[in-house]
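Working notes for the structure below.
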Amino acid sequence: MAPSGPGSARRRCRRVLYWIPVVFICLLLGWSYYAYAIQLCIVSMENIGEQVVCLMAYHLLFAMFVWSYWKTIFTLPMNPSKEFHLSYAEKELLEREPRGEAHQEVLRRAAKDLPIYTRTMSGAIRYCDRCQLIKPDRCHHCSVCDKCILKMDHHCPWVNNCVGFSNYKFFLLFLAYSLLYCVFIAATDLQYFVKFWTNGLPDTQAKFHIMFLFFAAAMFSVSLSSLFGYHCWLVSKNKSTLEAFRSPVFRHGTDKNGFSLGFSKNMRQVFGDEKKYWLLPIFSSLGDGCSFPTCLVNQDPEQPSTPAGLNSTAKNPENHQFPAKPLRESQSHLLTDSQSWTESSTNPGKCKAGMSNPALTMENET
């Protein structure tokens, strides 16, 4: 067996270092359990009823916090499916062609039947040289994972994982339950924190745990509330962190709200249709992560943003701004329920033609 080189040793060392933030969170969580459940509830609380209520509520939040954190860490990010990878012949053709129009022509032919609507800033097909694939909409290459991640939001060092389509719901629940965990600890620890400064606590080691527990819970509550609020705003607008900093580019140009379908549908796209699963770290997001419904009204500046304009576009396939391949069924139904408006009530044929391209369906967003 050949000895591993220095490059392999460095990679292993980096992989170990990446787990340091996770280990820190786990140690902090373990200490907070000891400080709250043992030192505060069992040692310092004198009222039995208060002990029981606090311990029951605490363990519920603790369990949900740990569950969602575990799922965020160990849910593997999803990568583009095989249909987005170039064939061997296409890869050889790309290597022979110089960068430029000929290179793009090869990619355009490979992408003609793929449900991709976004482009680069220059209007070219989004292609990853390292993974040798055509990037699906909202997919980005992570330099840490060295992979293309579907609907990538960001790479989070606190979970040592990419946050994307497969675990974004878990990440949101992790933020929510960690915030509730810290707020609950700070609220129930407050009266004993006051007693610490008024010498109302017995002179034991519990008083120092109570003091530091309140400081830590209050500090994390402030930081987590801002982060959780920001991601709630992103969900309401159907944006990722990357898209908030750089708006997606479509064939007609940049559109910061190109994937927004309205508040209700944006929520359902992340949390799913069944509300009983919304608060549980169980995967229920809609779709496959490779295609997303859009709510673009005016793809072509020369075309009117009216139902008549949409109908004329549907009648002439050559004028399609995007490939006419429909979205996966679990995503497409977001565009066809009663909350969206099309001309289906007046002309079913027009609706059918328009739905061949989900980018042509419009919603009166509230």
Side-chain angles (χ1 to χ4, degrees), residues 12 14-38 41 54-79 142 144-186 188 213 216-217 219-232 234-235 240-241 267 269-272 274-289:
R12 285 198 298 268
R14 281 199 299 267
R15 282 199 293 267
V16 172
L17 292 177
Y18 289 152
W19 283 102
I20 291 179
V22 176
V23 172
F24 172 75
I25 293 294
C26 292
L27 291 175
L28 187 63
L29 189 61
W31 167 77
S32 69
Y33 183 91
Y34 170 77
Y36 188 88
I38 306 299
C41 292
C54 286
L55 283 172
M56 289 179 63
Y58 173 80
H59 279 91
L60 176 62
L61 291 175
F62 181 83
M64 297 306 295
F65 180 8
V66 172
W67 187 10
S68 57
Y69 189 46
W70 176 275
K71 293 284 286 186
T72 307
I73 295 173
F74 294 105
T75 299
L76 294 177
M78 288 182 63
N79 311 119
C142 176
V144 180
C145 300
D146 197 25
K147 295 178 181 178
C148 282
I149 308 298
L150 294 181
K151 196 189 176 185
M152 180 178 173
D153 188 87
H154 68 289
H155 187 93
C156 181
W158 298 107
V159 300
N160 190 28
N161 200 3
C162 256
V163 177
F165 175 76
S166 61
N167 62 350
Y168 187 62
K169 177 192 173 184
F170 306 149
F171 177 74
L172 284 173
L173 292 178
F174 158 61
L175 292 180
Y177 287 122
S178 59
L179 175 60
L180 289 175
Y181 180 80
C182 292
V183 169
F184 175 79
I185 289 177
T188 53
L213 185 65
M219 178 183 65
F220 280 105
S221 295
V222 173
S223 59
L224 285 169
S225 60
S226 59
L227 185 59
F228 179 64
Y230 175 67
H231 277 277
C232 286
L234 289 178
V235 172
S240 66
T241 300
M267 288 285 292
Q269 195 173 101
V270 174
F271 290 96
E274 299 189 60
K275 295 183 178 179
K276 61 184 179 181
Y277 296 125
W278 281 17
L279 299 181
L280 298 176
I282 298 172
F283 185 82
S284 58
S285 302
L286 298 182
D288 59 1

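Only heavy atoms go into these numbers, but all of them, side chains included; no hydrogens, no water, no symmetry mates.
Across every non-hydrogen atom of F271 and S284, the tightest pair is O-OG, 2.6 Å. Nearest heavy atoms, M152 versus H155: CE-N, 4.0 Å. Taking both residues in full, the closest heavy atoms of C142 and C145 are given as SG-N, 3.3 Å, listed atom of the first, atom of the second, then distance. Annotation for N167 and N161: closest pair ND2-ND2, 3.5 Å, computed over non-hydrogen atoms. The two residues N79 and C148 make their nearest non-hydrogen contact at ND2-O, 3.0 Å.
Under the ring-ring contact (aromatic ring centres under 6.0 Å, His included) criterion, Y33 pairs with Y58, H59, F62, sequence neighbours left out. In this structure W19 satisfies the ring-ring contact (aromatic ring centres under 6.0 Å, His included) test with no other residue, sequence neighbours excluded. Evaluation of the ring-ring contact (aromatic ring centres under 6.0 Å, His included) rule for F283 yields F165 as partners, not counting sequence neighbours. With sequence neighbours excluded, no residue forms a side chain to side chain donor-acceptor pair (under 3.5 Å) with T75.
Of the inter-residue distances, the one linking L61 atom CG with I185 atom CD1 reads 8.5 Å to the nearest 0.5 angstrom. Interatomic distance, CD1 of I20 versus CD1 of I25, reported as 13.0 Å (0.5 Å rounding). With rounding to the nearest 0.5 Å, the separation of CG in L280 from CZ in F170 is 10.5 Å. To the nearest 0.5 Å, atoms CG (L224) and OH (Y177) are separated by 15.0 Å. In this structure, Y18 OH and N160 CG are separated by 8.5 Å, a value rounded to the nearest 0.5 Å. Here the straight-line distance linking atom CG of L227 with atom SG of C156 works out to 8.0 Å at 0.5 Å rounding.
Put simply, the side chain of L150 does not reach to within 4.5 Å of the side chain of P77, judged on heavy atoms. Proximity of M64 to P281: side-chain heavy atoms (C-beta onward) are separated by under 4.5 Å at one or more points.
Residue pairs meeting the side-chain hydrogen bond (donor to acceptor under 3.5 Å, both in side chains) criterion with at least one member in residues 60-71: none, sequence neighbours excluded. Listed by first then second residue, pairs satisfying salt bridge (Lys or Arg N to Asp or Glu O under 4.0 Å) with a partner in residues 146-170 read R130-D146, not counting sequence neighbours.
At a cut-off of 3.5 Å, with distance as the only test, a side-chain donor of T188 or Y36 sits close to an acceptor on the other residue.
The side chain to side chain contact (heavy atoms under 4.5 Å, CB included) with H231 is formed by just one residue from the set T241, V270, V163; it is T241.
Other residues, nucleotides and ligands contribute only 12 or fewer heavy atoms inside 6.0 Å of the OH atom of Y277.
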